[in-house]
Every structure is written in C-alpha cells, then in structure tokens.
Protein chains: 2
Amino acid sequence: MSDAVRTAEKRMDDAARAAWLYFIGGKTQDEIAGQLDLSRQAVQRLVALAVSEKLIRFRLDHPIAACMELASRLTDRFELQFCDVIPGDAQAPGSIAGVAVAVAMRLERLLTNKAPMVLCVGTGRTMRTAVEEMDTLDRPQHKIVSLVGNMASDGHASPYDVVMRLADKLGAQRFPMPAPVITETIEDREALQGQRVFTLLSELRAQARASFVGVGEIGWNAPMHRDGFMTDADVSALAEQGAAGEITAWSFDAAGRVLQGPINDRVASLPLECPPQRLTVIAGSGPSKIVPIRAALAGHLASALVTDEATASAILSN
Amino acid sequence: MSDAVRTAEKRMDDAARAAWLYFIGGKTQDEIAGQLDLSRQAVQRLVALAVSEKLIRFRLDHPIAACMELASRLTDRFELQFCDVIPGDAQAPGSIAGVAVAVAMRLERLLTNKAPMVLCVGTGRTMRTAVEEMDTLDRPQHKIVSLVGNMASDGHASPYDVVMRLADKLGAQRFPMPAPVITETIEDREALQGQRVFTLLSELRAQARASFVGVGEIGWNAPMHRDGFMTDADVSALAEQGAAGEITAWSFDAAGRVLQGPINDRVASLPLECPPQRLTVIAGSGPSKIVPIRAALAGHLASALVTDEATASAILSN
DNA sequence: CACTTCTGCGAGCAATAGCTCAACAAAAAT
DNA sequence: ATTTTTGTTGAGCTATTGCTCGCAGAAGTG
C-alpha cells in the first residue's frame, strides 16, 4: 500500500470521526477541534469532506421524504422555479383534491400580497377545484385575467369558470375572455383577435406576475373533447400530428413544441410564452396527465409544477 | 381525528420538509424560509424539531462509525474526559499495536506542549509499546515520574522500563521509583515510604498534568504474577477477595473499590486517586482486560480510556 | 364574559460555521 | 540544485445559525 493512499485513508478516518462528532455527537466544530487537537478550520474542512464524499448520509424517516426527492429531481431536470409534490393519499388515489389544495395554497400565498398584481389563469377541473379550496381574501386591487375563452364554438359555456370564481373570492377586477376556445375558422379567430378586448388582455398578460394553468391530454374523453371545445375530427388530426397534450387549448408534441396546423391556427387563447416570461405554474395529476406534463416541461412551457407523488414519479421515469 | 392531531401532523410534515431541504437539499434556512413562505426562525425551529424528533437521521458509512459510537457510550457511561476506540484490525486481532499507537499519539499530543509539565506513568506491555511508538521530541523541560517500582522483591527488574524510555525520547528529567512493586512485609513498605524520594515522588505527582497507566488482570499468567511481582499465594488470596484487576499493583474488586488486605498493604506504588485529580488514562485491550477495565471505570479509578473495538464492545455488554 | 395562563412568534443579538486569501511547504519539473 | 507548481494551512472576515426575550393570540377558567 502506497504512502499516499495511507495518508488519504487517514484523512478519511479523521473526516469520518469529525463528521460523527459533529452530526451524531452534536458537538460544535470548536469542541471537536479541541478533542482532535486540530484547528477549527481543519475540522470544518474535514466535515465538509465527509459530506462531499458521502461518508455521512442523511435519511429522512417521513412520507414527505419521497415527495421532496421527486420535487427536487423535477426542479433540477426541468429548471423549474418550484415544484410541489403532494404525498400519495392512500384513501383517495387518483383524487385531485391534494393537488388542488396545494395550488390553492400557492394562489393564496401569492395573492395575499397587497401590492396590486395581475394574475392570469387557465381553466380545467384542477384549477376550478383549487379556487374553490381558497379562503376568501379581500384584495380588490388585483386583476384576474383569463388566458382562454370558455365557450365552445356553438356558444355553450364550460362549467369551469375559473376567472369569475377567483375574482369573486378576492373582490378583484376580472377580465374574462369573451370568445370561444377554438373558433370555427381561421377568419373567425382573426376577427376576434382584432377586437379591442384582445389587445387589452394581451397587455394585461404582459404585466402579469404569474400564470396558473391546467394541462390536458389529447384524446377522446379528454376535457377539451368532452366539453365540446374540440370535435372528433380535431382530436384525430391532433393525434395524427403527435399531439401529447394541451395548455389553454394550445396543443404540443412530446417535446413540448407547439404544433403548427389547422387546429392551433384556430385557437383563440393568448399565445403560450416559451420560455415563460413570468412564473408559469402547471398543475395536474393522474395517469392521463403524465405524458402531457412531461411534454410541457420538456418544452419549457412552464416554470413550476404542482402534482402528486405517483404522477411525479411517472414523469421522471421515461 | 382531532384537530390538534391534524395540526401536529401538519407541523411534522413541515418539519420534515424543512429538514429535507436543509440537510439533503443543502439549502440555507433563509432560502427555505423563502420557499416555504415562513420566517427564518420558523424554519430553524422546524429543523430543530425534525432533529429532536429523530425525523432526520444521520448515518456514517465508515468503519470508524462503530468506534465512535462505542467511545461515546463509554464516555457517557463512565464520565470520561475522553475515550479512544481503535478499529478492530482484521489482520491482527488481539494485537496491542493499535492501542499502543493511539496511546503514543495521546502522549505526543500532550508532551508537544512546551510549558514544563509533570507526567506520571505506570508500567506494562501496552505502555512500553506506546512509548516505543512515539517520535522523539526535544522537551527537556518536562518531568517523567513513575507511579510504581519496577523490581520484584528479589531484586530483579521488569523489562518494561517505561519511565526511562520515555524520558530518553524527550531528553526529559526522570523520576523512577527505586523500590519493589510489592514489598515482602508491611514494615518494609513503611520503611521505603519513609525515604526522602517517596515524598518527592508524591509531591511531583500532585503537580502532574496527567497519568498514563496500564491495567492488569489478576490470575496466573497475568503480568504481575508472570513477572514475579506477586507470588502464587498473593494471586490466590486476591482471587479469594474478589479482585477484578490492578492498576500500578493496586488490586480492586469488580466495583472498582481498592481492596483492603494483606497484599495491598504491601504495595509500594503511589496511591490511586479516586476520583482522579488529573487526567488519568488507562489503556489496554484483549479478552483478559475486559473485566479489569470495566471494574476500574466503574470505580472511577480513571478519567480516560484507550482500547480497541472488541474490548470496548465487551466492556459495555455486561 | 372577563380574566389568567400558556404556547408560539419574530426581533435582536450571540455563537457558530463557511469562505477567501496570503503564506508556506512538499512535490515535480527543469 | 534550483525553480515551478501544487496543495495545505490558519487568520480574518462574512454568512448562517441558535438563543433569549418580550409580545400577542389561543386556550382554558372562574
């Protein structure tokens, strides 16, 4: 055995000793320095070494641990500003309740701020439930802006009227989008977007602090289809193009690239920002959301995620 | 489930989250506070809670870990100033080399000090080897004092001449004890102790910074007997009285009480200090030392211990 | 319903840990 | 043998953490 190796081993022994005394023995570095007859700095270096060499390991005995781990990996992998992973609820697997509460908490935290703020919202079951979970809060200074219409082209409205409900909770100013989600024709869309209100919404969005949106899958029985925003033909055409999901009706492929084509050409929602110019939170959980969320994150269509444990795990295991 | 329990659970969740971010995520408490929207102090309390509730556990992946654990338990149990536990050496089990090196390091550390110092030493194989392991060090200002004679009553000397060897290493002043370990009669001992040199040794010991001694078992083939310091009759008598071990020839029982009786009445060594008035290190390892060391520690005959992993473990499992 | 008790909070401050830098020493290269 | 390089050290400084205290709201009590 070489002398260098011996020295290195001795160093590791000392590092292990120092780390033991520090973390397990709960002593200060000064005390350890006295005990091992080293300078305090030497002890600090040994402790740092033990940590960086993984001699000392931290283990968290709590269900939250797995969630934190997943959240951390998602944040790193997709460069997110934050990621909330809700522990899988044994009582109600597949329920969106947990995720909705987490979104509600994020909304409350943000909106508690007294400085006037513009907040954009999408639609969907998760967003709607999240708003219901929120406490009422008196914030008339805020502005709630819809990123997406809530009518089908036949004029009937989706029940997920997120802007209005959220603005009600706050007593805030509301800016719904008086338009279908997807128009009948490209001309219809162009006509709509020529209107004053669209310019206003666009300007408001530019000032917005954050956007909170759901994420949907593309397929039969997907919300977009079930609620009549998309026809059977639309769904088929999108599937053909490799659509992996949609946010505020904008369909994108598995890499998160917004699709070019006859359906997106008729989407009246405010355009997706890629990369996001402000905090952009997507929320969703369940097996059907795995592919859409993964795609949206891969394409940097969002800068934050709220989901549950099972979904988070599945998103990472591709 | 009561509301109080829910709140407590929520608190633990938060504590777990904070602890995860702090220890595993490596973030500062300030960053965590921002992320969880709490004050820094709240985060510090949560982290402390997680530690105190053992939500977060530290594990050291290194052979030293077991030694540190044993050392810590011994230090607590017997109120020691320090305890060095040397990792069990798979190559040389039962060897005293490791322990001797550790004692040598302790001696070097202490004696490196430039301020003049008095150091008392006992005898024995471990002490002798320890001194051999030491580097030479120029410290003529120190004084090395023997706690024990090194002659049998027939006049032949033990080969473990620790004082002289140690003083040689240091160029230090030496104060051997010119006497048998155990005298023939009580009168002999009294005569010896009336001599000027005994008073001097006593005074020196009173000024000593530390004592380093070995610990011996009582029985046939024990060093005291093999080297002729004790007769067969002495050993039998001591065994009868429940002797569990000896330090500088003073025999004590399993509770560490120094025995009263015809053998200790003839011991010429300086008396044991109980409780020790200075750092008093006992060193030893091996199956035969388990009982003597345990007894010595139980009776607070020493304030520090150097031993090996197997012996430490055995001392604790009684 | 008023009052007391108690828990938990944040501010401020003291203690502890981490970082940077200049100096030095050992190893490598010339 | 001398110079260069590389790595290690402790001092000094800054950032981070932990502790104490007074206060405020919740819980309990007469």
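Note that the structure is predicted; figures quoted are calculated from it, not measured.
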Atom pairs, protein N/O to nucleotides 23-27 of chain C N/O, distance under 3.5 Å:
none

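Considering only heavy atoms from C-beta on, B:Phe78 comes within 4.5 Å of B:Ile315 through its side chain. Side chains of A:Leu166 and A:Leu119 form a contact here, defined as non-hydrogen atoms less than 4.5 Å apart.
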Distance-only check: which donor-acceptor pairs under 3.5 Å involve side-chain atoms of residues 50-60 of chain B, not counting sequence neighbours?
| unit_1 | atom_1 | unit_2 | atom_2 | d |
| --- | --- | --- | --- | --- |
| B:Ser52 | OG | B:Ala48 | O | 3.4 |
| B:Ser52 | OG | B:Leu49 | O | 3.1 |
| B:Arg57 | NH1 | A:Asp61 | OD2 | 3.2 |
| B:Arg59 | NE | B:Asp61 | OD1 | 3.4 |
| B:Arg59 | NH2 | B:Asp61 | OD1 | 3.1 |
| B:Arg59 | NH2 | B:Asp61 | OD2 | 3.3 |

Using residues 34-43 of chain A as the side-chain source, report each donor-acceptor pair under 3.5 Å to any protein atom, sequence neighbours left out, with the distance given to one decimal.
| unit_1 | atom_1 | unit_2 | atom_2 | d |
| --- | --- | --- | --- | --- |
| A:Ser39 | OG | A:Ala42 | N | 3.1 |

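Listed pair A:Tyr22 / C:dA17 meets the phosphate criterion, a side-chain N or O lying under 4.0 Å from OP1 or OP2.
Pairs engaging residues 96-105 of chain B under the salt bridge (charged side-chain N to carboxylate O under 4.0 Å, His left out) rule: none recorded [sequence neighbours left out]. Pairs passing the salt bridge (charged side-chain N to carboxylate O under 4.0 Å, His left out) check and including a residue from residues 67-84 of chain B, sequence neighbours excluded, read B:Asp84-B:Arg106.
Of the residues in residues 39-56 of chain B, those lying under 4.0 Å from DNA chain D by heavy-atom distance are B:Arg40, B:Gln44, B:Arg45. For the segment residues 26-33 of chain B, the set of residues with a heavy atom within less than 4.0 Å of an atom of DNA chain C is empty.
Scanning for side chain to side chain contact (heavy atoms under 4.5 Å, CB included) contacts around B:Ala172 gives B:His142, B:Ile144, B:Leu170, with sequence neighbours left out. Applying the salt bridge (Lys or Arg N to Asp or Glu O under 4.0 Å) criterion to B:Glu133, with sequence neighbours excluded, gives no partner residue. The salt bridge (Lys or Arg N to Asp or Glu O under 4.0 Å) search around B:Glu309 returns none, not counting sequence neighbours.
Taken to the nearest 0.5 Å, the NZ atom of A:Lys27 stands 8.0 Å off from the CD1 atom of A:Ile32. Note: A:Thr136 OG1 to A:Asp168 CG = 11.0 Å, rounded to the nearest 0.5 Å.
Judged purely by atom type and a 3.5 angstrom limit, B:Thr280 has no side-chain atom pairing as donor or acceptor with the backbone of B:Ser303. Checking side-chain atoms of B:Gln141 against main-chain N and O of B:Lys114 turns up a donor-acceptor pair under 3.5 Å. Here the side chain of B:Arg294 pairs no donor or acceptor atom with the backbone of B:Leu316 at under 3.5 angstrom. The backbone N or O of B:Asp135 sits less than 3.5 Å from a side-chain atom of B:Glu108, completing a donor-acceptor pair.
Using a 4.0 Å cutoff to heavy atoms of chain A, the contacted part of DNA chain D runs 5' to 3' from D:dT9 to D:dA11.
With pairs defined as Watson-Crick or G-U wobble and both atom distances under 3.5 Å, the stems of at least three pairs that touch DNA chain D come out as C:1-30 with D:1-30.
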